[in-house]
Protein chains: 2
Amino acid sequence: MEQRHADRIAEQLEELVFDGTFSDGDRLDEVRLSEQFGVSRTPLREAIQRLAQSGLVELIPRRGAFVRQPGPVELIEMFEVMAELEAACGRLAAMRISETALEALRQANTLCQQAVEAGDTDSYYAENERFHKIIYRSSGNAFLEQEATKLHKRLKPFRRVQLRFRGRMGQSMAEHEAIVAALAAADAEAAAAALRTHVAVQGEKFHNLMASLRSAAE
Amino acid sequence: MEQRHADRIAEQLEELVFDGTFSDGDRLDEVRLSEQFGVSRTPLREAIQRLAQSGLVELIPRRGAFVRQPGPVELIEMFEVMAELEAACGRLAAMRISETALEALRQANTLCQQAVEAGDTDSYYAENERFHKIIYRSSGNAFLEQEATKLHKRLKPFRRVQLRFRGRMGQSMAEHEAIVAALAAADAEAAAAALRTHVAVQGEKFHNLMASLRSAAE
DNA sequence: GTCAATAGTTTTGTATACAAGAATTACAGG
DNA sequence: CCTGTAATTCTTGTATACAAAACTATTGAC
């Protein structure tokens, strides 16, 4: 069955918001966007409703739909929630993970390590994402997996900045090893703590970068 | 500024799904609903897009919008996530809560106790909700507060069933006391554990009721 | 030069029309 | 009576039209 225009456009608009093509406060011009997507305003408006529901745009009645990129405070808060969700995944996974999944985690880590040594940032990120997705899945809670995946996707554009800090990939590898060890030992609290710290460090690096950029701008 | 039809209808449809007026699998008939709401199909369809984005309905292209009420497994998963979110709120609140908020928690608990003694279920629930909302707020993380509030609202229709179990309100009161004590002591781990257990018990009672209803139906 | 009022333009919200796909109903044949 | 096919009806998805609100530009008065 062919996908509805509204669904396709909602996906594409979401990507444009995520990748920064639309900046905070940009107004989504219905006429121009419907021309750009080659459709009438109806499916475009339905797509915009989707984004409004997700909080990516804010609808102001009779004035327009305005893009909402999270500010620094909100981003810190989102990383904080991401840390808690990953900790929850870790806690549950420690009790529920299979040997197959544990082995897949080790494999993803090995590939991460190889990417670090090769200086291959894209491979590093791909395997890193696979690592986390396995943990989400291993929580055995589809709803939690869905929530974690959704927030992980939202934060993806902001996550790469941590690589600007010297030695972060190596540090991340060590944190990954600690996570796998805790999961292998079925240590729920250790797994939760390791994941919480791992993700909280990402948020912290981001915060530090924002602070340093702000200092440089002054 | 007058609210848009689409926004008003989305809110009302959401309530109808939450309170069970629409059952799982019901198809939302666009023509009938637009007549019922006294509008054209356009704002009704825009409202349905909102619900589809929230997962309350599933859109099947060219076939319709079907209501999705969570099944027992998904409910258990949602309660599990609620427990983790509340634990996260508790952990952060233990470090961030104000004396004013602590006092408000104690007051809400006192009113809960009075409601228990009076057998006043509605007051009990109102104060119980106030208790939890204070903790969400005291986490000092607006994004976490928003996520916890959203899930709390989604699970509200299923939460009352736990009262069917003998002594649950009294037990809940004791759990509330433990939560307040942990927050007052700024004990992050104790607050998190107490809240996690408190909410997990709700999910467990619900699960037990479903099981007993199933046994009675056989 | 500034401010207010008015006129014109643009944009949004909703109603309606129409086409296509899905579902239902009716009819015919075995 | 059952099954298959065709016709009809219903529902959804999208296009377009129109009205109202918001925004912008222009003009006149002080």
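Just so we're on the same page: letters track the sequence lines, and every chain starts at 1. All values derive from a computational prediction rather than experimental measurement.
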I'd like to know whether CZ of B/R154 has more than 12 heavy-atom contacts from other residues, nucleotides or ligands below 6.0 angstrom. yes
Just to confirm, is there a sub-4.0 Å distance from OP1 or OP2 of D/dT12 to any side-chain nitrogen or oxygen of B/R27? yes
Side-chain N or O of B/R4 versus OP1/OP2 of C/dG13: is the shortest distance under 4.0 Å? yes
Within a reach of under 6.0 Å around CD of A/E99, are more than 12 heavy atoms found that belong to other residues, nucleotides or ligands? no
Tell me: CG of B/L44 to C1' of D/dT12, nearest whole Å? 12 Å
Looking across every strand, which nucleic acid part, if any, lies under 4.0 Å from A/I9 by heavy atom: base, sugar-phosphate, or nothing? nothing
Axis-to-axis angle across the helix from C/dG1-D/dC30 to C/dG30-D/dC1, five pairs each end, nearest 10 degrees, ~ 0°
Between A/K150 and B/E147, is the closest basic N to carboxylate O distance under 4.0 Å? no
Under 4.0 Å between a side-chain N or O of B/R63 and OP1 or OP2 of D/dT12? no
Can you tell me how far C1' of D/dG13 sits from CD of A/Q3, to the nearest Å? 13 Å
Show me the protein contacts with nucleotides 16-18 of chain D, counting only N or O atoms at under 3.5 Å.
{"residue": "D/dT16", "atom": "O4", "partner": "A/T42", "partner atom": "OG1", "Å": "3.3"}

Between B/G64 and A/G38, which is nearer to the 5' end of DNA chain D once each is assigned its nearest nucleotide? B/G64
Let me know the distance between CD1 of B/I48 and P of D/dT11, rounded to the nearest Å. 13 Å
Kindly point out which of C/dT12, C/dT14, D/dT14 is positioned nearest to the side chain of B/H5? C/dT14
Between B/E145 and B/R96, is there a salt bridge with N-O shorter than 4.0 Å? no
Side chain of B/D29 only, heavy atoms from C-beta on: which candidate in D/dT14, D/dT11, C/dG13 is closest? D/dT11
Indicate the ring-plane relationship of A/H176 and A/F131, choosing parallel, tilted or perpendicular according to the 30° and 60° boundaries. parallel
